[in-house]
There are 2 protein chains.
Amino acid sequence: MKRPTQADVAKLAGVSRATVSYVVNQTAGVPISPDTRARVLNAIERLNYAPDIRARSLRTGGSNTVGLLIPDLHNPHYWSIVQGVEDALRSEGLDLLLTSTSLDPNREEKALQTLSGRRVDALILTLSFPEQSKTTLTQLAANGYPVVTLGNSAFNVDAVIATYRNATAQVMDHLLGLGHTRIGFIFGVGSKELATNRMSIYQSSLAAANIRVDPELIDYSGVRIEDGYQAALRLLNRSPRPTALLVINDWLAIGALRAVDEIGLHVPGDISIASFDDTEMAAFLHPPLTSVRSNGHEMGHQAASLALERIRQPNRPIRRVQIEADLVLRQSTGPAPASQ
Amino acid sequence: MKRPTQADVAKLAGVSRATVSYVVNQTAGVPISPDTRARVLNAIERLNYAPDIRARSLRTGGSNTVGLLIPDLHNPHYWSIVQGVEDALRSEGLDLLLTSTSLDPNREEKALQTLSGRRVDALILTLSFPEQSKTTLTQLAANGYPVVTLGNSAFNVDAVIATYRNATAQVMDHLLGLGHTRIGFIFGVGSKELATNRMSIYQSSLAAANIRVDPELIDYSGVRIEDGYQAALRLLNRSPRPTALLVINDWLAIGALRAVDEIGLHVPGDISIASFDDTEMAAFLHPPLTSVRSNGHEMGHQAASLALERIRQPNRPIRRVQIEADLVLRQSTGPAPASQ
DNA sequence: TTGAAAGCGGTACCAA
DNA sequence: TTGGTACCGCTTTCAA
């Protein structure tokens, strides 16, 4: 039981294959008599014909599709990126091909190859392991293939990056200003390189306040909620106990909140918690989270725009779009408890 | 700057296109001399050649890819479905093509067509608007195209369905047993048809306990957290106030928890909350949610297995896999408050 | 207004 | 062990 092809339609309608193509695509400048058109349409209907996109794309050279690579399905931040890309693409009538690498370094490069092997019109990449994927990516770019990196500007391609510098400094100042001196950091990220800048600002902010950076207060956890929970338990068992926790994303912060709760402490009375991303849920948690907003939707949208521009203007100079993160204050941060 | 093709490689290596194909695919039964192989490999390397998957798939008839349609990126339940599908596929070396419809009825059918137009080897569909997509889907199935529906068994195709019947009755009995008589229902679902069975059990359970089904206690909300929050506010403003809230999924339950909090009430002291899906976060919320677990990962995994079977055995009889939801009790449900 | 045929980039059969 | 070539399903000149 094979799917019907253009030829089947042509035969049934008693026309040539070219004619079928004309009516299917409403090809400009090729007038078709109402009668023929009707016969073709009828045949299509009866056979339930739908064109083979592979063949069309092979012939025309364009696929009308953009490929998107994201690292991990578990972090809601990425879903807003996907949503942003999708919205932008859809409004231009393009399709989205989505792949996740589940934070597997080997998968990432393979996925890259698969995606580009499909000859999608452009690639939007949120890399977790830039080092691993470097060769493949560089070669693609060298071939003139439209590539946009998201959250990474280490390659010679269009890029969208969130600049966490100021906002991270702000959140640290916020915590320091509230009198916190022992600030734990739950650093659960797929690949360390992704967030080194945030780490270094965490450290330099402490240094600027004349506070020693205590390695015991930095926890390199996994990326699941459970990992955030465990990390928080570990940190809260240090003594003296930290009075604030900075968490690398909202998702892990959920786990941290639970840990505080189970130990019988309160947020923000005993422990302040601040995180990154400000995803949809942040404002609704208990208590609502102070979070550094990095607007995934906007990032996705911009990335898609860059991709479209590049498709239409292959030779325009490389562009980098920066999206400035900002701090959203809510109830999960407060003054450090008076004494310890 | 076009990407190199097989022909380019052949020319550079001084061999025929066929030979290139042989070494690329390590075609069984076609021995290639070490020398030629080396020359070809070298040419591939130098040109940075990667085969065009469209062309290959066109010729071979298989794409090694399964398409997955999900309704909505906002509900974490779907994330776990995607993850389940992906895991199953990956272990068999297949690729995943993901599309979301953002709960737009028009998009759903269009996405269906795009996906099938790509001639992926199979389609896994989580339909929100079965009525709209009926024609397209039926025709695909009639053509013998491998299709698996997830959460819907209304079509004559392989299907994975979660049976909520028992677990929903259980959660209702649980609440009724705790003395709740006014149980609100936040029914925020992309399309009503998706959860009518849960609704009817909600109603019949009440009836069986001789409790009138109060339409005022059923809130048809949207699908975002904010919607769940607003719905809860509305319900909690009824008088007499409901003492328990059943929420159609964990995501909306986050909003409901927030609403209770803001009104100054407590869960479960004043209000019990139970929801569906039992996604990763449920156990970590404040308080941990009583939830009907429908194991999205398992559903996705099973769906992928059915798809694979169907690909390999196009004529095997249609199979339906049922996944029984079960109730997970946590701290968000408790005895109804003594008096009102 | 319609049709014939070349070709997109591969695969695989058959011959050499 | 390698090469020639028909063909997958479509688009797009060019001619009729």
Side-chain angles (χ1 to χ4, degrees), chain A residues 2-41 43-44 47-65 113-114 116-121 143 145, chain B residues 2-41 43-44 47-65 114 116-121 143:
Chain A
K2 269 182 78 285
R3 296 186 62 179
T5 75
Q6 195 182 59
D8 298 324
V9 175
K11 181 138 44 102
L12 182 58
V15 300
S16 75
R17 293 173 42 221
T19 304
V20 176
S21 176
Y22 298 146
V23 351
V24 166
N25 300 312
Q26 317 207 13
T27 314
V30 181
I32 298 286
S33 75
D35 176 58
T36 334
R37 167 183 309 282
R39 285 215 317 286
V40 172
L41 256 20
I44 288 177
L47 292 176
N48 182 28
Y49 165 78
D52 186 321
I53 296 184
R54 298 168 302 179
R56 170 183 291 166
S57 152
L58 186 57
R59 175 64 232 231
T60 62
S63 63
N64 220 38
T65 305
Q113 309 217 7
T114 312
S116 79
R118 286 218 147 71
R119 303 298 196 267
V120 290
D121 295 340
N143 272 340
Y145 200 78
Chain B
K2 267 181 78 285
R3 295 186 63 177
T5 75
Q6 196 183 60
D8 298 325
V9 176
K11 181 139 41 103
L12 182 57
V15 299
S16 74
R17 292 172 48 222
T19 303
V20 176
S21 176
Y22 298 145
V23 351
V24 166
N25 301 310
Q26 318 208 14
T27 315
V30 181
I32 298 287
S33 75
D35 176 59
T36 356
R37 166 182 311 282
R39 286 214 316 286
V40 171
L41 256 20
I44 288 177
L47 293 175
N48 181 27
Y49 164 78
D52 186 321
I53 295 185
R54 298 167 302 179
R56 171 184 291 166
S57 154
L58 186 57
R59 177 63 233 232
T60 62
S63 63
N64 221 38
T65 304
T114 312
S116 80
R118 285 216 147 71
R119 304 297 194 268
V120 291
D121 295 340
N143 273 341

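A note on names: the letters A, B, ... follow the listed sequences, proteins ahead of strands, and every chain is numbered from 1.
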Donor-acceptor pair present, A:R59 side chain and D:dG9 base, under 3.5 Å: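 Side chain to base: no pair below 3.5 Å.
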Whether the side chain of [X] engages the backbone of [Y] through a donor-acceptor N/O pair (distance < 3.5 Å, no angle test) should be reported.
{"X": "B:R3", "Y": "A:R119", "result": "no"}
{"X": "A:R118", "Y": "A:T65", "result": "no"}
{"X": "A:N143", "Y": "A:Y145", "result": "no"}

D:dT11 OP1/OP2 closer than 4.0 Å to side-chain N/O of A:R56: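 For D:dT11, OP1 or OP2 has a side-chain N or O of A:R56 closer than 4.0 Å.
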Short side-chain N/O contact to C:dC8 OP1/OP2 from B:Q6, under 4.0 Å: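 No, outside the criterion.
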Residues A:D35, A:R39: salt bridge by 4.0 Å N-O rule: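 Yes, charged N to carboxylate O under 4.0 Å.
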Grab the [atom1]-[atom2] distance between [X] and [N] for me, whole Å please.
{"X": "B:R54", "N": "C:dG7", "atom1": "CZ", "atom2": "P", "result": "18 Å"}
{"X": "A:L58", "N": "D:dT12", "atom1": "CG", "atom2": "P", "result": "12 Å"}
{"X": "A:D52", "N": "C:dC8", "atom1": "CG", "atom2": "C1'", "result": "13 Å"}
{"X": "B:N25", "N": "C:dC13", "atom1": "CG", "atom2": "P", "result": "13 Å"}
{"X": "A:I53", "N": "D:dC10", "atom1": "CD1", "atom2": "C1'", "result": "12 Å"}

Closest listed nucleotide, where the reference is the side chain of B:T5 and the choices are D:dG9, C:dT11, C:dG9: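 Selected nucleotide: C:dG9.
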Would you tabulate the pairs of protein nitrogen or oxygen atoms and nucleotide nitrogen or oxygen atoms of nucleotides 1-5 of chain D closer than 3.5 angstrom?
{"from": "D:dT2", "atom 1": "OP1", "to": "B:S33", "atom 2": "OG", "distance (Å)": "2.8"}
{"from": "D:dT2", "atom 1": "OP1", "to": "B:T36", "atom 2": "OG1", "distance (Å)": "2.3"}
{"from": "D:dT2", "atom 1": "OP2", "to": "B:S33", "atom 2": "N", "distance (Å)": "2.7"}
{"from": "D:dT2", "atom 1": "OP2", "to": "B:T36", "atom 2": "OG1", "distance (Å)": "3.0"}
{"from": "D:dG3", "atom 1": "OP2", "to": "B:S16", "atom 2": "N", "distance (Å)": "2.9"}
{"from": "D:dG3", "atom 1": "OP2", "to": "B:S16", "atom 2": "OG", "distance (Å)": "3.3"}
{"from": "D:dG3", "atom 1": "OP2", "to": "B:T19", "atom 2": "OG1", "distance (Å)": "2.5"}
{"from": "D:dG3", "atom 1": "O6", "to": "B:Y22", "atom 2": "OH", "distance (Å)": "2.8"}

Nearest-0.5 Å distance that lies between atom CD in A:Q6 and atom CG in A:L47: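 Answer rounded to 0.5 Å: 12.5 Å.
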Pair B:R54-A:S63, side-chain donor/acceptor within less than 3.5 Å: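 Looking only at side-chain atoms, A:S63 and B:R54 do not form any donor-acceptor pair under 3.5 Å.
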